[in-house]
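Computed from a predicted structure; not experimentally measured. Side chains included, hydrogens not; waters and symmetry mates left out as well; all remaining heavy atoms used.
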Amino acid sequence: MAIAEKIPAPQSALSHNEKNFRPSVVEKDLYDWWERSGFFRPPETDDGRRFVMMLPLPNVTGDLHLGHALGFGGYEDVMARWHRMLGDATLYMSGTDHAGIIAQIVVEKELAKEGITKDRGLTREQFLAEMWKWMDFYRPRIEQQLRMLGCSLDWSRPNFTMEPSKQRAVRTHFIRLYKKGLLYREGRIVHWCLTCQTTYSDLEAKHVERTDALYYVRYPWAEEGSNRPDVVIATTRPETILADVAIAVHPDDARWKPLIGQEVLVPVVERRVRIITDEAVDPAFGTGALKITPGHDQTDFEIGQRHGLPVLTVIGKDGRMLPAAGALAGLDRDRARTDMIDRLRKSGLLVKEEPLAHALGVHDRCGTVDEPLVLPQWWVRMKPLAGPAIEAVRSGRVRIIPEFQERIYFEWMQNVRDWAVSRQIWWGHEIPVWFCRDCDEVVVPDEDGPDPKRCTKCASDDLRKDPDVLDTWFSSALWPFTTLGWPDRTPDLARFYPGSTLETGYDIIFFWVARMIVMGIFEMGDIPFDTVYLHGLVKTQGEKMSKSTGNVVSPVEYIQEWGADALRFALVLDTAAGMDTELSEAKLINARNFGNKLWNIGRFVLRQLETYPDAMADRAIDERPARELADAERWILSRTEWATAEASRLLEGHLFGEYVHFLQQFVWGEVADAYLELSKAGLRDDRRRAGTVRTLAYVLDRVLRLLHPITPFITETLALQLWRGRRTARGETSLVLARWPAAGPRDTKLEERLGLALDVVRAARALRQDAGIDPGERIRVALSGATGDVAASLDAIATLTNADVTIGKGTGPAKIVRAVEVRIEAKRDVAAERARLERELADAREALRRSEELLARPGFAEKAPKAVVEKERARLEERRAQVRLLEEELGRL
RNA sequence: GGGCAACUAGCUCAGCUGGUCAGAGCGUCUCCCUUACAAGGAGAAGGUCGCUGGUUCGAGCCCAGCGUUGCCCACCA
């Protein structure tokens with residue numbers, strides 16, 4: 001760090017002579033400087049105040065999308081930068097995910113373009129070498145995009161889920177789970193993807209609505225008998241009839257009770273199967289009789305397990321009927337279906353068919369219809385692991401924001417099922433398991449042990465390694481500690497685990513968040529983070545986005561057009577935790593315009609500093625001016641302290657959208673629109689000038705600090721110009737490491753007073769516009785009524801209204817503000833004014849009535865807090881005065 | 001079949017766990033190129049906070065029910 005600080009800040013390509021802020025010319029230089037200077041690395045030592053947040057590892061393949069931009073460049077970087085400024089040792093950890101099947105699909109497509117396919121003899125080793133080549137191509141790309149967003153990630157701690165150290169971690173983790181009996185291999189029904197040629201977990205199975213034919217099929221009685229009704233079942237998958245092993249009915253179904261235990265013949269194959277009962281059967285569906293096919297259906301498999309039924313498999317991994325399918329062998333599953341229907345029809349067993357709208361399971365990666373198969377797979381036993389993870393959230397040790405997501409978490413965790421973690425693809429973490437070809441023993445080495453050479457049971461050296469790899473989420477679940485060097489006991493691990501906050505999209509709460517909590521507790525004995533902040537989805541379809549004809553627009557394009565600051569600002573502004581948001585062009589324009597407003601505030605202040613260099617002398621920029629200050633200066637200083645407190649409070653409360661909104665209102669509405677205008681009078685006044693310049697500098701410095709977390713580039717650009725040749729109290733050289741301000745004392749009386757004065761200004765401006773007076777023309781304003789609080793602010797009112805302001809009665813058109821009568825000297829349009837005043841009087845009377853009613857209400861004075869009652873009384877008085885003034889004015893007209 | 005969320009100005013959304021709470025941006029209307037900014041400034045119009053009850057001195061904010069929309073979970077063949 002000491003060395004790093006010596007790197008000089010970049011000479012900004014943007015001078016403050018430019019009227020518009022141009023992000024593209026400063027962003028890269030600043031980021032390079034920040035990164036090379038090591039600003040994003042946590043300090044070597046700390047006092048225990050730390051902030052640790054892991055990047056939700058993006059997939060190396062593909063580009064970032066707007067959801068990433070919101071999470072990474074929005075919430076996460078805001079938190080990281082804010083905590084860094086607070087002085088917390090901040091680690092915002094970088095890293096990328098190997099993305100398992102997604103990456104394999106992407107690379108397979110790329111390779112196919114070059115005519116390279118697995119069919120043409122590409123070996124596993126060759127394929128993996130190709131994968132790594134592509135990883136090296138994609139990774140810098142995604143990392144570059146993170147830099148473009150401005151994310152203050154610690155790049156000196158790189159992480160990639162497939163790097164050797166992570167492979168060792170995954171191996172260790174797998175073996176530990178196995179040795180503790182939490183990982184087992186078993187032949188159970190799993191989702192099989194015919195396209196991807198792999199199994200997948202329940203979470204990766206999506207459901208799509210589809211209408212298919214529902215076939216009613218008669219199963220003949222095995223024994224001749226009389227007067228028995230036909231057994232008819234309903235199925236959408238007649239091709240699986242060949243693997244039927246039973247017929248099930250609900251135990252309480254009166255229609256079937258007499259027939260339970262009797263046998264029917266499975267059509268075509270003529271197998272005798274028994275009629276059994278199971279609670280899982282819905283008597284209301286179809287005929288109430290369900291054909292049981294444990295080999296090809298989830299429900300049936302479970303029913304089969306309960307009743308000790310055999311598993312028959314007639315469909316292979318390629319989707320073709322197996323030899324066991326007899327006459328249908330070799331047909332693919334769709335052909336087999338039509339073929340089966342033909343046969344049933346011919347034999348008179350097809351009773352009828354009708355359309356059925358139902359949810360069909362598909363693989364979320366490719367949309368291929370699920371083919372449930374019974375295959376030996378590795379499973380993580382989730383139930384015992386889930387308990388402590390549920391307790392961690394229930395007890396509040398892990399807090400999920402928004403809170404309603406906690407219920408969703410509990411719901412899933414309480415009903416969690418075992419997790420199928422093996423995948424039949426090549427790209428992924430190896431499974432550290434060997435099978436003995438001689439005795440079928442499963443050989444798993446010790447966690448630090450070498451690959452086994454001999455069977456631990458029969459000593460055979462004919463071992464076969466499990467060719468499967470692990471679900472990509474298996475390694476992601478370890479992210480909070482593998483990034484810190486686990487399983488080694490590294491200094492980073494000791495220092496930065498458990499982490500602080502995990503920010504990610506709510507769509508992966510089960511895939512990732514829940515599993516991190518589970519595995520963090522299992523491996524580390526402690527929760528991985530204490531706060532989970534979940535953001536919503538970003539959509540772009542609602543409004544006409546200039547470039548979004550397609551759905552996916554890369555944040556890069558937005559950054560190039562609007563700048564990273566504007567994108568971040570637009571994404572976070574007015575969002576609430578967990579809510580989906582719409583990024584509209586209107587929001588981007590607003591954000592860009594706000595940046596420009598800030599830029600121009602900066603230009604104005606910098607110009608004053610250059611024009612009046614003596615004002616600062618050798619004072620620190622961020623030293624709060626105290627002496628020789630007029631009301632205007634004392635007012636904006638007080639408001640700035642308020643803004644500091646407010647911004648801090650909103651960030652502490654994770655109210656990021658409000659934080660951005662608030663600062664926009666404050667900077668634009670109060671600093672720019674009100675104070676900068678007031679300061680112009682101060683700059684013209686020899687006695688006020690020095691104080692005004694110092695105030696401008698101080699307020700700008702504060703504003704830049706408060707905004708830096710959301711708009712790092714423009715604030716740094718201005719801070720470097722503001723501080724160049726001057727100094728801050730701490731001698732800061734970059735906003736990245738600058739101190740987040742603590743709120744100083746306020747003068748609320750003064751704020752109140754000036755607040756009223758600004759209301760008076762608005763009234764006077766409205767009056768002069770109504771009267772059609774040219775904005776350049778200086779007018780006279782007279783104030784009467786309850787002028788006690790505005791009397792001291794006449795200068796400010798005069799400045800902002802371009803008027804001479806006096807206390808006393810005037811003759812022109814009037815407006816009543818609170819209990820102050822504002823009158824300008826101008827010709828009156830009596831009719832229009834009467835109409836307006838009558839409207840205002842009606843409103844005022846209504847307000848007065850409500851005040852009176854509230855105060856008169858039984859119980860209010862006794863039960864409401866004193867402060868509330870007092871406030872209401874004061875308001876009542878003011879409203880009385882207001883009504884009186886309006887009535888008088890109308891009387892005069 | 002369960003569960004969750006949303007419903008606030010024409011549009012997009014805030015409203016921080018009951019007491020200026022009726023807001024912002026965009027859009028609309030009027031005026032203004034005032035030496036930081038026309039990517040700007042000033043002013044104005046615009047909402048009985050989905051509906052119905054309830055709790056409370058007091059409710060967009062809490063409770064109950066209903067309606068509409070969206071999402072999640074689930075073994076309905």
**Message:** Applying a 4.0 Å non-hydrogen cut-off, can you work out what A/Arg592 is touching in the nucleic acid: base, sugar-phosphate, or nothing?
**Reply:** base

**Sub-6.0 Å ring centroid separation between A/Phe604 and A/Trp599** = no

**Request:** Just name whichever nucleotide pairs with B/G19, Watson-Crick or G-U, keeping both distances under 3.5 Å, else none.
**Result:** B/C57

**Asked** In terms of heavy-atom contacts, does CD of A/Glu752 have more than 12 from other residues, nucleotides or ligands at under 6.0 Å?
**Response** no

**Message:** So, does A/Trp668 get its side chain near the phosphate of B/G41, meaning an N or O under 4.0 Å from OP1 or OP2?
**Reply:** yes

**Item:** N-glycosidic conformation, B/G15 - syn within 90 degrees of 0, else anti
**Value:** anti

**Request:** Give A/Ile589 one of three labels, base, sugar-phosphate or nothing, depending on what nucleic acid heavy atoms sit under 4.0 Å from its own.
**Result:** nothing

**Item:** Spacing between A/Leu583 atom CG and B/C11 atom C1', to the nearest angstrom
**Value:** 15 Å

**Fill in**
Closest to the 5' end of RNA chain B, once A/Glu646 and A/Arg875 are matched to their nearest nucleotides, is A/Glu646

**Message:** Checking side-chain polar atoms at under 3.5 Å, does A/Tyr75 have a donor or acceptor matched by the opposite partner on A/Thr575?
**Reply:** yes

**Pairwise P distance for B/A24 and B/A44, with rounding to whole Å** = 12 Å

**Prompt:** Mind checking the P distance from B/G1 to B/G46? Whole angstroms is fine.
**Reply:** 46 Å

**Request:** For the side chain of A/Asp282, starting at C-beta, report the closest nucleotide among B/A77, B/C16, B/G3.
**Result:** B/A77

**Asked** What's the spacing between A/Leu696 CG and A/Leu676 CG if we round to 0.5 Å?
**Response** 6.0 Å

**Message:** Is it true that, when you exclude A/Gln414 itself, more than 12 heavy atoms of the residues, nucleotides or ligands shown sit nearer than 6.0 Å to its CD?
**Reply:** yes

**Request:** State whether a side-chain donor-acceptor pair under 3.5 Å links A/Ser851 with A/Arg879.
**Result:** yes

**Request:** Please determine, by modelled atom types, if A/His191 and A/Asp202 share a side-chain donor-acceptor pair under 3.5 angstrom.
**Result:** yes

**Asked** How does protein contact run along nucleotides 31-38 of chain B, one letter per nucleotide 5' to 3', with B for base contact, S for sugar-phosphate only, - for none, heavy atoms under 4.0 Å?
**Response** -S---BBS

**Message:** When the C1' atoms of B/G58 and B/C51 are compared, how many Å lie between them, rounded to an integer?
**Reply:** 22 Å

**Gap in Å between the two P atoms, one belonging to B/G40 and one to B/C4, rounded** = 44 Å

**Message:** At 4.0 Å (heavy atoms only), tell me whether A/Ala766 reaches a base, stays on the sugar-phosphate, or touches nothing.
**Reply:** sugar-phosphate

If you restrict it to nitrogen or oxygen atoms, what contacts under 3.5 Å exist between nucleotides 69-75 of chain B and the protein, and what is each distance?
unit_1: B/A74; atom_1: OP1; unit_2: A/Arg417; atom_2: NH2; d: 3.4
unit_1: B/C75; atom_1: OP1; unit_2: A/Arg417; atom_2: NH1; d: 2.8
unit_1: B/C75; atom_1: OP1; unit_2: A/Arg417; atom_2: NH2; d: 3.4
unit_1: B/C75; atom_1: OP2; unit_2: A/Arg417; atom_2: NH2; d: 3.3
unit_1: B/C75; atom_1: O4'; unit_2: A/Thr299; atom_2: OG1; d: 3.2
unit_1: B/C75; atom_1: O2'; unit_2: A/Thr299; atom_2: OG1; d: 2.3

**Asked** Do the ring centers of A/Tyr533 and A/Phe656 come within less than 6.0 Å of each other?
**Response** yes

**Request:** Could you tell me whether A/Ala864 contacts a base, only the sugar-phosphate backbone, or nothing, with contacts defined as non-hydrogen atoms closer than 4.0 Å?
**Result:** base

**Request:** Among the candidates B/G19, B/A77, B/G25, find the nucleotide nearest to the side-chain atoms of A/Phe860.
**Result:** B/G19

**Item:** More than 12 heavy atoms of other groups within 6.0 Å of A/Arg836 CZ
**Value:** yes

**Asked** Counting only Watson-Crick or G-U wobble pairs whose two distances fall under 3.5 Å, which nucleotide matches B/G27?
**Response** none

**Asked** Quantified in whole Å, what is the C1' atom distance between nucleotide B/A59 and nucleotide B/C76?
**Response** 43 Å

**Prompt:** More than 12 heavy atoms of other residues, nucleotides or ligands under 6.0 Å from NZ of A/Lys871: is that the case?
**Reply:** no

**Prompt:** Touch check for A/Pro402, heavy atoms < 4.0 angstrom, all strands: base, sugar-phosphate only, or nothing?
**Reply:** nothing

**Message:** Categorize A/Arg762 for me: base, sugar-phosphate, or nothing, with a 4.0 angstrom heavy-atom threshold over every strand shown.
**Reply:** sugar-phosphate

**Asked** Which part of the nucleic acid, if any, lies within reach of A/His654 when heavy atoms closer than 4.0 Å are counted: base, sugar-phosphate only, or nothing?
**Response** nothing

**Message:** Regarding A/Arg649 and A/Glu646, does a basic nitrogen lie under 4.0 Å from an acidic carboxylate oxygen?
**Reply:** yes

**Asked** Of the nucleotides B/A42, B/A77, B/C16, which one has an atom closest to the side chain of A/Arg765?
**Response** B/A42

**Request:** Provide the distance between the two P atoms, one in B/G25 and one in B/G41, to the nearest whole Å.
**Result:** 10 Å

**Item:** Interatomic distance at C1', B/G54 relative to B/C61, whole Å
**Value:** 16 Å

**P atoms of B/G53 and B/G60, separation to the nearest Å** = 15 Å

